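Report on one structure; see the data block that follows.
Keep in mind that this is a model prediction, so the values were computed, not measured. We name chains A, B, ... by the order of the sequence lines, and we start the count at 1 in each one.
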Number of protein chains: 2
Amino acid sequence: MNTQTAATQAAAERSAALLAAIAFNDDGLVPAIAQQHDSGEVLMLAWMNREAIEETLASGAVCYWSRSRRRLWRKGETSGQTQRLVELRVDCDGDTVLLLVDQTGVACHTGRRNCFFRALRGNALETIAKPIVAPSALYGEG
Amino acid sequence: MNTQTAATQAAAERSAALLAAIAFNDDGLVPAIAQQHDSGEVLMLAWMNREAIEETLASGAVCYWSRSRRRLWRKGETSGQTQRLVELRVDCDGDTVLLLVDQTGVACHTGRRNCFFRALRGNALETIAKPIVAPSALYGEG
């Protein structure tokens with residue numbers, strides 16, 4: 001067995017134990033919470049299918065399933081704002097995963113560190129965080 | 001306007017601003033991440049509908065929608081392990097809410113503080129937290 005084959009097989013064995021524990025929904029997806037591993041900041045929620053999980057485990061870089069684009073979404077593939085997987089956890093009934101990650105730059109497409117920047121205060125939703133990076137710097141002007 | 005009516009109206013106004021920003025799915029639900037407000041611990045993920053959100057805002061105690069029981073799930077109604085809402089946040093595209101809460105006791109029905117007690121380490125899912133309370137103490141023996 002060459003090195004590549006061994007690595008692929010090891011990744012497949014890791015995935016198998018995990019995938020058996022996950023209760024995917026009718027669309028074959030599971031919600032994934034991304035949390036910055038050291039600060040505890042909740043960065044975002046996105047969705048994963050089996051292939052996204054397998055790729056994430058094999059590469060160590062978080063890959064989601066984009067429901068709008070209907071394809072694998074390698075987080076940061078356009079913006080460079082990647083997430084390195086530190087640990088993957090599964091909840092009690094297997095229908096949610098928690099990704100402890102190390103976020104490069106910002107998690108949100110608006111240029112904010114995390115996606116939860118609107119808070120209900122009084123009767124209004126207030127914006128509680130400013131962009132750190134301009135979206136145009138992440139995705140280009142067009 | 002009596003006190004009760006004023007309180008109800010104030011709750012309705014708070015809800016209105018929030019509900020307008022939420023993109024509920026085809027089942028009328030939105031995923032809600034519960035995070036302990038001070039420690040940053042991610043406790044659980046559950047689902048809310050409009051009514052659950054309205055009740056949560058009116059009472060200050062977190063109420064979800066139970067997909068399995070198909071009814072409002074007043075967190076802790078049986079176990080006493082309630083969640084007091086500290087702040088509610090909405091993500092960039094409005095399809096996830098983050099509940100900053102103060103959890104009484106344990107969030108998980110297994111008696112663990114949080115539901116994410118299984119971690120992928122090596123090729124196996126390891127149980128990384130023990131129950132703090134016996135489930136039988138939370139829900140009775142039968």
Side-chain angles (χ1 to χ4, degrees), chain A residues 10-18 20-22 25 30-36 38-47 53 57 67-68 85 87-100 107-112 114-126 128-129, chain B residues 10-18 20-22 25 30-36 38-47 53 57 67-68 85 87-100 107-112 114-126 128-129:
Chain A
E13 285 174 6
R14 286 194 82 193
S15 298
L18 175 64
I22 294 180
N25 70 12
V30 63
I33 302 163
Q35 181 181 32
Q36 176 64 28
D38 47 7
S39 68
E41 181 180 8
V42 175
L43 299 168
M44 57 182 284
L45 181 140
W47 294 78
I53 289 173
L57 294 180
R67 295 179 302 169
S68 57
L85 183 69
E87 183 161 276
L88 190 154
R89 297 184 187 164
V90 184
D91 77 347
C92 49
D93 48 9
D95 63 5
T96 305
V97 301
L98 176 64
L99 307 171
L100 301 181
C108 187
H109 75 287
T110 65
R112 294 174 175 88
N114 76 67
C115 297
F116 298 96
F117 57 84
R118 295 184 291 170
L120 186 62
R121 294 183 179 174
N123 286 353
L125 267 187
E126 286 186 13
I128 60 170
Chain B
E13 285 173 8
R14 286 194 81 192
S15 299
L18 176 63
I22 295 181
N25 71 12
V30 63
I33 302 164
Q35 181 181 31
Q36 176 64 28
D38 46 6
S39 68
E41 181 181 7
V42 175
L43 299 168
M44 58 183 283
L45 180 139
W47 294 77
I53 289 173
L57 294 180
R67 295 179 302 169
S68 56
L85 184 68
E87 184 160 275
L88 191 154
R89 298 183 186 164
V90 183
D91 77 346
C92 50
D93 48 9
D95 64 5
T96 305
V97 301
L98 176 64
L99 307 171
L100 301 180
C108 186
H109 74 288
T110 66
R112 293 174 175 88
N114 75 67
C115 296
F116 298 96
F117 57 83
R118 295 184 292 170
L120 186 64
R121 294 183 179 173
N123 286 354
L125 266 188
E126 286 186 15
I128 60 170

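Considering CG of A/Leu120 and CD of B/Glu87, their distance stands at 8.0 Å, rounded to 0.5 Å. Rounded to the nearest 0.5 Å, atoms CG (B/Asn25) and CZ (A/Arg67) are 8.0 Å apart. To the nearest 0.5 Å, atom CZ of residue A/Arg118 and atom CG of residue B/Leu18 are 9.0 Å apart. One distance of note links CZ of B/Arg89 with CD of A/Glu126; it measures 11.0 Å at 0.5 Å rounding.
With chain B as the partner, the residue from A/Val97, A/Leu100, A/Ile128, A/Asp95 showing the most heavy-atom pairs under 4.5 Å is A/Ile128. Note: A/Gly122 leads A/Gly122, A/Ala16, A/Ala21, A/Ala20 in heavy-atom pairs under 4.5 Å with chain B. When the candidates A/Gly40, A/Ala119, A/Ala124 are compared by the number of heavy-atom contacts under 4.5 Å with chain B, A/Ala119 comes out ahead. Per-residue counts of heavy-atom pairs under 4.5 Å with chain A were compared for B/Asp93, B/Thr110, B/Leu57, B/Val42; the largest is that of B/Val42.
Between A/Leu125 and B/Val90, the closest side-chain pair of non-hydrogen atoms falls below 4.5 Å. Using a 4.5 Å heavy-atom cutoff, the side chains of A/Cys92 and B/Cys108 are in contact. B/Asn114 is not listed as a side-chain neighbour of A/Leu98, based on a closest heavy-atom distance of 4.5 Å or more.
Both the backbone and the side chain of B/Glu13 have a heavy atom closer than 4.5 Å to some heavy atom of chain A.
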Legend entry - Test side-chain contact (heavy atoms from CB on, under 4.5 Å) applied to A/Ile33 and B/Leu45, step by step: CA-CA 9 Å; A/Ile33 302 163; B/Leu45 180 139; 4.1 Å; yes

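Applying the salt bridge (charged side-chain N to carboxylate O under 4.0 Å, His left out) rule to B/Glu41 yields the partners B/Arg113; only residues at least two apart in sequence or on another chain are considered.
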